[in-house]
> 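Before I ask anything, here is the structure I am working with.
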Amino acid sequence: MLVDFDYFFAQCEELRNPALRDKPVVIGVYSGRTEESGAVSTANYKARQYGVKSGIPLFLAKKKLEGVDAVFLPVDYEYYEKISDRIMQILRGYADAFEQVGIDEAYLDVSQKTQGSFENAENLAKTLKRLVKVQTGVTFSVGIGPNKLLAKIASDTHKPDGLTIVRPGEVGFLNPMPVDRLIGVGRKISQKMNELNIKTIGDLSRYDVQRLVAIFGKTLGVYFHNASEGVDDQPVKETGGVESISRIATLKQNTRDATLISEKADMLIGDIYRELMQKDLNYKQVGIIAIMSNLTIRSRSQTLEQPTNKIETLKEVVRLLFDKLLGEENLEVRRIGVKVSQLGKTDRDQRQLTSYFQNQ
Ligand code: DGT
Ligand code: CA
Ligand code: CA
């Protein structure tokens, strides 16, 4: 599945100001030279009706919307990223493997989850649409296909709020599309292909692969040929998402007392553990830092043999690391921090077992 959030930056703006919904909304990147200079980052579908789209100069967008009650806003990337993170976190939980691509797109490998059934995948997509809409207010478009290439192109065919399925026997749907719909076919290459009389993806699939190789080189030539036939075996590559989780706190007083340090550390660990559970993650590396009374910083870390999600292991390793550090230092400690990293998804069986035991 490829999930692509609809008119994303503009939709985020509509979310925090619903009055914008009935108006053309244009999000601009202002270059700062003059008040008017800059380009359109994106626009809602109302604004697109007037010909406003990503990449055109702002002055042109203003001209197209002259006399219209339109709203122009600057990009607020941090805010969009927060919304994006929340959606990604929801989606991640429903995939066998999850690959985020940019701020508003993600591939979900759902082969196992759906037992290879496109019908199950369609139902899952509908569930995800509802879930994300209810929890965040955002709509997105989904493409479902036997591979990433087909899912991506499918997702582009119905927007906004679309759901498009391409089954293995239906790759012919590519044939009438212009070649530049394929990833990797930019302006230059599509121009070159046009000169060769290759205008549609169907034209490309009928073109002799040896000649493609002669013109574009082996890698690209073979890629273009395969792509035109909907052939793609790129796996969904797990993107980390959260890289590490850490907490830091100041001790009530500077100390070398292992019990006092350990009490504080356990509080930080409790916090970290909650976040691990929420995000369904386990950890393989544990680190501590200590800020000493003279404000110098010390750190120690240990990598475990196996990833785990156990809180006892975390407490134990942190205690050992602080013991080691205190043994090698004679200053008092002022602030301490705990970090888990090399995070990974807890596999289902392990989680079921854990919650089984917790409920006993
Ligand atoms: P969509 O998916 O067609 O409903 O509309 P968007 O706006 O989500 O378009 P998409 O998926 O191509 O891009 C996602 C975001 O990336 C979009 O909200 C703003 C940003 N973006 C896209 N194209 C451009 C561009 O040409 N320039 C700038 N500055 N930002 C862009
Ligand atoms: Ca996108
Ligand atoms: Ca989008």
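For ligands, and for the atoms within them, numbers begin at 1 and follow the listed sequence.
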> Using a 4.0 Å heavy-atom cut-off, say whether Ile103 meets ligand 1 through its side chain, its backbone, both or neither.
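The answer is neither; Ile103 stays 4.0 Å or more away.
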> Is Thr157 close to Arg181 at the side-chain level, that is, under 4.5 Å between some pair of heavy atoms?
yes
> Nearest to the Ca ion (ligand 3), which N, O or S atom of Asp4 do we find?
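Nearest N/O/S atom: OD1.
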> If we ignore angles and hydrogens, is there a donor and acceptor under 3.5 Å between the side chains of Asp161 and Thr139?
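The criterion, which ignores hydrogens and geometry beyond distance, is not satisfied for Thr139 and Asp161.
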> Once the angle between the rings of Phe5 and Phe140 is folded into 0 to 90°, is it parallel (under 30°), tilted (30 to 60°) or perpendicular (over 60°)?
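Tilted.
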> With a 4.0 Å cut-off on heavy atoms, is Tyr45 touching ligand 1?
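Tyr45: in contact with ligand 1 (<4.0 Å).
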> Against heavy atoms of Val29, which atoms of ligand 1 measure under 4.0 Å?
29 (N)
> I'd like to check whether Asp6 has a polar contact with ligand 1, where a contact means an N/O of the residue lying under 3.5 Å from an N/O of the ligand.
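In fact, backbone or side chain, Asp6 has no N or O that close.
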> If I take atom OG from residue Ser84 and atom CD from residue Gln89, how far apart are they, to the nearest 0.5 angstrom?
11.0 Å
> Which protein heavy atom lies closest to atom 7 (O) of ligand 1, and at what distance to 0.1 Å?
Thr42 OG1, 2.4 Å
> Quick check on the Ca ion (ligand 3): does Phe8 put an N/O/S atom closer than 3.0 Å to it?
no
> With atoms numbered from 1 as shown, which atoms in ligand 1 lie under 4.0 angstrom from a non-hydrogen atom of Gly55?
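Reading through ligand 1 atom by atom, the close ones are 26 (O).
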> Between the side chains of Lys199 and Asn197, does any donor sit under 3.5 Å from an acceptor?
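Per modelled atom types, Lys199 and Asn197 side chains form a pair under 3.5 Å.
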> Measuring from atom 28 (C) of ligand 1, which candidate in Ser41, Cys12, Gly28 has the nearest non-hydrogen atom?
Ser41
> Pairing donors with acceptors under 3.5 angstrom, does anything connect the side chains of Ser141 and Asp6?
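There is such a pair (donor and acceptor under 3.5 Å, judged by atom type) between the side chains of Ser141 and Asp6.
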> Step through the shown structure and confirm whether more than 12 heavy atoms of other residues, nucleotides or ligands are within 6.0 Å of CG on Asp208.
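Enclosed.
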> Check Glu105 and report its N/O/S atom nearest to the Ca ion (ligand 2), by atom name.
OE2
> Would you say Lys339 has more than 12 foreign heavy atoms packed within less than 6.0 Å of its NZ?
no
> Nearest N/O/S atom of Asp104 with respect to the Ca ion (ligand 3), by atom name, please.
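The closest N, O or S atom of Asp104 to the Ca ion (ligand 3) is OD2.
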> CD1 of Ile183 to CD of Gln234: how many Å apart, nearest 0.5 Å?
10.0 Å
> Would you say Arg48 touches ligand 1, if touching means a heavy atom closer than 4.0 Å?
yes
> Which of the numbered atoms in ligand 1 are below 4.0 angstrom from a heavy atom of Tyr7?
1 (P), 4 (O), 5 (O), 6 (P), 7 (O), 8 (O)
> Taking only heavy atoms of Phe5 into account, list the atoms of ligand 1 that are under 4.0 Å away from them.
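Matching atoms, with element in brackets: 2 (O), 8 (O).
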